[in-house]
Amino acid sequence: MTKTDTEMPIPGFTSGKYDFAELFASKPENVRTEIEKVPLGGAKAEKFSTRFCVITVVGHSDRDDTPGLTPDQRRASELKAATKRAESARDWVFQKIREMLVADGQTPPAGVANLKRTSLFTVACGAADLERANPSSEDDRKLNRRIEFLVTFFS
C-alpha cells in the first residue's frame, strides 16, 4: 500500500537566504508543529519494520532579474539557490530524524545514506514553478522562494 501523507509548501526565504533551520525558527508554533511531522514520518519508519518512508524535498527560487545575465546564467543562478534551499531542508530533516531516534533510545544513523527505511531526495526547480509569475513585492517573491516536502509511506 502506498499513501502520500504530506504535500507541504513552506514559503518565506528572503533573497540570498538558504538556511532552512532559520526559516523554520521564524514560523509560528502551529506551523512548526506541522513541519515537524515530516521528520516524524521518517523517524517512525526507521523505528518500525513494517513501514517505509520517502521524503522528497523540492527547492524553489524566485526569478533572477539581475541585469546583464544571459538566460542560461539566470537559470543557473535560480537552480543554485533552489539546490541550496533543498539541501539545507534535507539536512534539517535528517538531523531531526536523528534527534527523534536518540530521544526514543534508538541508535541514530551516521548519515543520510545510512537510513534503513527512509529515503531523502532533493529536487531543485529553480524558478520553473513560480507561485507569483510577476511578483510585485518582496512578499510575492518570498512565496516563490520556498521548500516543498512530499512525503510518501509504503507498508
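Here the structure is a predicted model, which is why all the values come from computation and not from measurement.
- For Ser26, the side chain to side chain contact (heavy atoms under 4.5 Å, CB included) test picks out Leu23, with sequence neighbours left out.
- The hydrophobic cluster containing Leu143 does not contain Ile10, counting ILVMFWY residues as joined when their side-chain heavy atoms lie under 4.5 angstrom apart, directly or transitively.
- For the side-chain hydrogen bond (donor to acceptor under 3.5 Å, both in side chains) test, residues two or more places apart in sequence or in another chain that qualify with Glu148 are His60.
- Looking at residues two or more places apart in sequence or on another chain, you find no side chain to side chain contact (heavy atoms under 4.5 Å, CB included) involving Pro71.
- No side-chain heavy atom of Thr50 sits under 4.5 Å from any side-chain heavy atom of Ser155.
- Counting only residues at least two apart or in different chains, salt bridge (charged side-chain N to carboxylate O under 4.0 Å, His left out) contacts with residues 13-26 are absent.
- Residues passing the ring-ring contact (aromatic ring centres under 6.0 Å, His included) test with Phe20, sequence neighbours excluded: Trp92, Phe149.
- Atom CZ in Arg85 sits 6.0 Å away from atom CZ in Phe13 (nearest 0.5 Å).
- Of all heavy-atom pairs spanning Asp62 and Pro135, the tightest one is OD1-CG, 4.0 Å.
- Residues Phe153 and Val57 are members of one and the same hydrophobic cluster, defined by side-chain heavy-atom contacts under 4.5 angstrom among Ile, Leu, Val, Met, Phe, Trp and Tyr.
- A cation-pi arrangement, defined by a distance under 6.0 Å to the six-membered ring centre and an angle within 45 degrees of its axis, is present between Arg117 and Phe52.
- Two different hydrophobic clusters hold Leu40 and Phe24 under the rule that ILVMFWY side chains link at heavy-atom gaps under 4.5 Å.
- Without hydrogens or angle criteria, Asp91 side chain to Ser88 main chain gives no donor-acceptor distance under 3.5 Å.
- The cluster map of Ile, Leu, Val, Met, Phe, Trp and Tyr, joined by side-chain heavy atoms under 4.5 Å apart, puts Val151 and Phe94 in the same cluster.
- Applying the salt bridge (charged side-chain N to carboxylate O under 4.0 Å, His left out) test to every pair with at least one member in residues 63-81, sequence neighbours left out, gives these pairs: Arg63-Asp65, Asp65-Arg141.
- Listed by chain and residue number, Arg146 satisfy the salt bridge (Lys or Arg N to Asp or Glu O under 4.0 Å) test with Glu131 (two or more places apart in sequence, or in another chain).
- When all heavy atoms are compared, the tightest approach of Leu101 to Pro109 is CD1-CD, 3.7 Å.
- Atom CG of Leu115 sits about 5.5 Å away from atom CG of Leu120, to the nearest 0.5 Å.
- Although no hydrogens or angles enter the test, the distance criterion places a donor-acceptor pair under 3.5 Å between the side chain of Ser137 and the main chain of Asp140.
- In this structure, CZ on Arg90 lies 12.5 Å from CD on Gln95, to the nearest 0.5 angstrom.
- One finds the OG1 atom of Thr122 at 12.5 Å from the CD1 atom of Ile55 (value rounded to the nearest 0.5 Å).
- Among all heavy-atom pairs drawn from Val58 and Ala86, the shortest one is C-CB, 4.5 Å.
- Counting only distance, with no hydrogens or angles, the side chain of Ser77 and the backbone of Gln73 share no donor-acceptor pair below 3.5 Å.
- Applying the salt bridge (charged side-chain N to carboxylate O under 4.0 Å, His left out) test to every pair with at least one member in residues 101-110, sequence neighbours left out, gives these pairs: Lys47-Asp104.
- Shown here are the salt bridge (Lys or Arg N to Asp or Glu O under 4.0 Å) partners of Asp139, two or more places apart in sequence or in another chain: there are none.
- In this structure Glu138 satisfies the salt bridge (Lys or Arg N to Asp or Glu O under 4.0 Å) test together with Arg145, sequence neighbours excluded.
- Put simply, CD1 on Ile147 and CD on Glu87 are 10.0 Å apart, with the number rounded to the nearest 0.5 Å.
- Every residue meeting the salt bridge (Lys or Arg N to Asp or Glu O under 4.0 Å) condition with Glu99, not counting sequence neighbours, appears here in chain and number order: Lys96.
- To the nearest 0.5 Å, the span separating OG on Ser61 from CG on Asn144 amounts to 8.0 Å.
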Verdict with supporting geometry, Thr118 and Cys53, side chain to side chain contact (heavy atoms under 4.5 Å, CB included): CA-CA 5 Å; Thr118 303; Cys53 181; 4.1 Å; yes
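- Pairing each heavy atom of Pro108 with each of Arg98, the nearest pair is CB-NH1, 3.6 Å.
- Counting heavy atoms from C-beta on, the side chains of Val54 and Thr56 come closer than 4.5 Å.
- Residue pairs meeting the ring pair (Phe, Tyr, Trp, His ring centres under 6.0 Å) criterion with at least one partner in residues 101-128, sequence neighbours excluded, do not occur; the list is empty.
- Met8 and Val31 fall within the same hydrophobic cluster, defined by Ile, Leu, Val, Met, Phe, Trp and Tyr side-chain heavy atoms under 4.5 Å apart, directly or through other members.
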